[in-house]
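Here the structure is laid out as structure tokens; the discussion comes afterwards.
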Amino acid sequence: MSDHANQAHQAADADVHYDVHATEAKWLPVWTELDPFRADDASPKPKRYALTMFPYPSGDLHMGHAEVTAIHDVIARYWRQRGFEVMNPIGWDSFGLPAENAAIVRDEHPATFTYANIETQAESFKRYAVSFDWSRRLHTSDPEYYRWTQWLFLRFREQGLAYRKNSPVNWCPQDQTVLANEQVVDGHCERCGAEVTKRELTQWYFKITDYAQELLDGLDELESTWPARVVTAQRNWIGRSEGAHVDFPVEGRDEPLTVYTTRPDTLFGTTFMVVAADAPLAAELVSDEQRPAYEAYLAQTRKASDIDRLSTERPKTGVDLGVRATNPVTGEKLPVYAADYVLADYGTGAIMAVPGQDQRDWDFAAAFGLPVRRTVQPPEGWEGEAFTGDGPAINSANDEISLDGLPVEQAKRETIAWLESKGFGRGTVNYRLRDWLLSRQRYWGVPIPVVHCEACGEVPVPDDQLPVELPELRGADLKPKGVSPLAAATDWVNVDCPSCGGPATRDTDTMDTFVDSSWYMFRYCSPGLETAPFDSAQVNAWMPCDVYVGGVEHAVLHLLYGRFFTKVLADMGLVDFREPWSSQVNQGVVINQGKKMSKSLGNGVNLGDQLREFGVDAVRLTLVFAGPPEDDIDWADVSPAGSLRFLQRAWRLSGDVTSPAGTAADGGDVALRRTTHRTVADAAELVESRRFNVVVARVMELVNATRKAIDSGPGGADPAVREAAEAVAVLLSLVAPYTAEEMWERLGHEPTVALAGWPEVDESLLVEDSVTAVVQVQGKVRGRLEVAPDISAADLEALALADPAVVRALEGKTVRKVIVREPKLVNIVAS
Ligand code: ANZ
Ligand code: ZN
């Protein structure tokens, strides 16, 4: 291009301003019309299911939503460009406490707040140009949806997988509801932060423990495609341990006191027993003299959280139950205590205390003046208290068995064998995982579809009477009272028993919202279905989800529950796979100035403000470009303004292409073509390996190379420039859909670039830059050749023999031998 033309072009560039907001306003209605992301169940193309964790409608979208959907959309849009039939559905997890609490404050129905927020979020998602299939939209609080949540509950109940029991449960005094173990964080309510206490209540449970081993085993396979921290968190949460049940005969009682221990090898060192103070067993065992002291202690125990109870820091308390148990290996009579450091609902709720090897037992022994007998030799110079490490057994022999000298693992095995041979105990596997407490005493959730009848007991609501819809309650009616607000809706509560027709009452509890989200991924596959929760054929065709993108905070709740549901549905024959999510991506958190965004710090970044200032594309690009998807993004360290400048630069390319649309690129500038094809090929690999930020970096390089070709290379008329600009548009469509669409149009194409298809890569253009091959004749260098690094020996030999300098050197001689060491050397022997 002449200098003159170049200047004119730059001037034109400056005039033609890229108006992001006008571009958004222009394309949004076009896309709505085209509806390009509707997944076609009947498509012959291979299917991909891209799922992102559905949002909770607490307000408008925030930076966290912007991040997760920007990352997720790269994958979904990439698969579409690669020719897959992609399902990328969206819905709302729309039951839950925040809406209910807001309804109390505003004196309205929770649905008002919920559905208003859903509309706001839906509009924001559309403007944010996420490639969702809007036709599959669902809300878990719609009766059409929760009808099937109830249906599934009833199927679980029929199999004994949903049941009621009375037990001490976690109770949040602030929210006035029970909490699952998973919802108690460091002894505090996950939602409101209040200190959690215990209550004795009859509650509904899912029997997830039946699937403990399978949930654990499944992780082995997920390990290669799930984030390591999620796999580890689930393994720890399931908490498999191997140990033994040991029976200690109790004076004056037929039943032995059975304990669970992971260290049967330490049996000889057991010097006392401890039963959980709040276990029914403690109340059974206690002697008459000790009963008043025990009861006083029990009252005090109920106030402590599990975390406190298990803490090694806490001073040990307890009370002697006034009975004695016999150690089966030593025959010694051991005192039995009730204490709060043993939990009622783990193992058998009772332990054999071995102060020599367990620090909590040591502390208790010290507090109560009980003897300590070490059964593992601590290392020389050991000055600590309990020794929990490995070492040879000591003090561990009777007439029939001797463990002395054995390392811990072997001593465990021998003890278990001996206990089993004598009938004193047996080896066993234990899981920390508890059954899932699913009932809640709150309003805004799925009513439990069960009726209680004095004559018939628990009666399921017949399927044809589903859904059991929530009664209309609002405002002050919803105030937490310790019993479900539904109990006050007497018209709703009092019903005829579906079985005998007599007077009966509805169950007034609602389900944990994690029940709703345990099966929504199935519902998306046939969202409108009125005869079943989902169409198994569709589910089997689309699922498992090929990717699931969302926050790591769901590692042990949602992600474990969804796996459990899938296994139950597989056992019911409703789906033909056992894991719902084949691979998973956890995004990091958007922070600001090194800290979590918060009102009190005043460091919040408002998504709406960012979108107004820089536009959708620049915000999306910034979030994707900031770093690997799993890393946190500090908004103070990134530059949406820089992103916008880059997008303008990319957009300007499309105005500088002067060859007509459809021009073939062959014959165009080879250097630029190589860059284009290399970039496209690498981008595919980078998306597959989830290095989205590097994809952006590579597109930036391609934009630079194209700009250079236009300004100081072959110029805008070169077909390689068109090829490059079109590749930029398609690659950018994964991250910056508005800019990409606008470029695509300026390049002479119809919308939408989202379906343009991935540019075809010409493998021959991927060849690395050439290498220099040296040609020797009689040991003397006669020529140098620039060749492809993967050149064949035959080609290199032919090139060498045709080189003019080599031909001259061989004049009058006969070639005797050619030694080829491709691609770097040809040695010719001639005489
Ligand atoms: C004797 C012993 C000796 C123990 C020793 C440990 C070390 P995990 O791995 O978590 O399963 N335990 C059993 N039931 C308990 C309960 N309900 N509440 C509190 N602690 C309980 O731990 C199992 C070990 O924790 C068991 O092994 C038991 O103490 C204790 F050197 O038995 B061990
Ligand atoms: Zn009845």
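All values derive from a computational prediction rather than experimental measurement. Read the numbers this way: they start at 1 and go in the same order the structure lists the ligands and their atoms.
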Sequence neighbours left out, what passes ring pair (Phe, Tyr, Trp, His ring centres under 6.0 Å) with [X]? Give chain and number order.
| X | value |
| --- | --- |
| Y205 | Y163 |
| H245 | Y260 |
| F565 | F156, F206 |

field: Evaluation steps, side chain to side chain donor-acceptor pair (under 3.5 Å), between Q359 and E385
entry: CA-CA 7 Å; Q359 188 60 40; E385 300 178 335; 2.6 Å; yes

Taking N or O atoms only and a 3.5 Å limit, does [X] qualify as a polar contact for ligand 1?
| X | answer |
| --- | --- |
| N430 | no |
| S241 | yes |
| R360 | no |

Identify whether the distance between the nearest side-chain nitrogen and carboxylate oxygen of [X] and [Y] falls below 4.0 Å.
| X | Y | value |
| --- | --- | --- |
| E332 | R373 | yes |
| R563 | E214 | no |
| D509 | R442 | no |
| E251 | R253 | no |
| R578 | E221 | no |

State the atoms of ligand 1, each with its element, that fall below the 4.0 Å cut-off from a heavy-atom position in [X].
| X | result |
| --- | --- |
| V354 | 1 (C), 3 (C) |
| Y341 | 19 (C) |
| T266 | 3 (C), 31 (F) |
| R432 | 8 (P), 10 (O) |

task: Select one of side chain, backbone, both or neither to describe which atoms of V342 lie under 4.0 Å from any atom of ligand 1, heavy atoms only.
output: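 Near ligand 1, V342 shows its backbone as well as its side chain.
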
- request: Report the part of T262 in contact with ligand 1, treating N, CA, C, O as backbone and CB onward as side chain, heavy atoms under 4.0 Å; options are side chain, backbone, both, neither.
  value: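 Looking at T262 and ligand 1, atoms from backbone and side chain both fall under 4.0 Å.
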
message: Could you work out, for atom 15 (C) of ligand 1, the closest of I351, T375, T388, V246 by heavy-atom distance?
response: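 The residue whose heavy atom sits nearest atom 15 (C) of ligand 1 is I351.
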
- prompt: Using the ring of each side chain (for Trp, its six-membered ring), is W436 parallel, tilted or perpendicular to Y561, with breaks at 30° and 60°?
  reply: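 Parallel.
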
- request: For the Zn ion (ligand 2), count the protein N, O or S atoms found under 2.8 Å away.
  value: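 Those protein atoms number 4 in total.
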
- request: Show the numbers, then the answer: is there a ring pair (Phe, Tyr, Trp, His ring centres under 6.0 Å) between F424 and F248?
  value: CA-CA 8 Å; F424 291 155; F248 289 71; 9.7 Å; no

task: For G347 and ligand 1, answer yes if some heavy atom of the residue is under 4.0 Å from a ligand atom, otherwise no.
output: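 Checking ligand 1 against G347, which is what was asked, there is no heavy-atom contact under 4.0 Å.
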
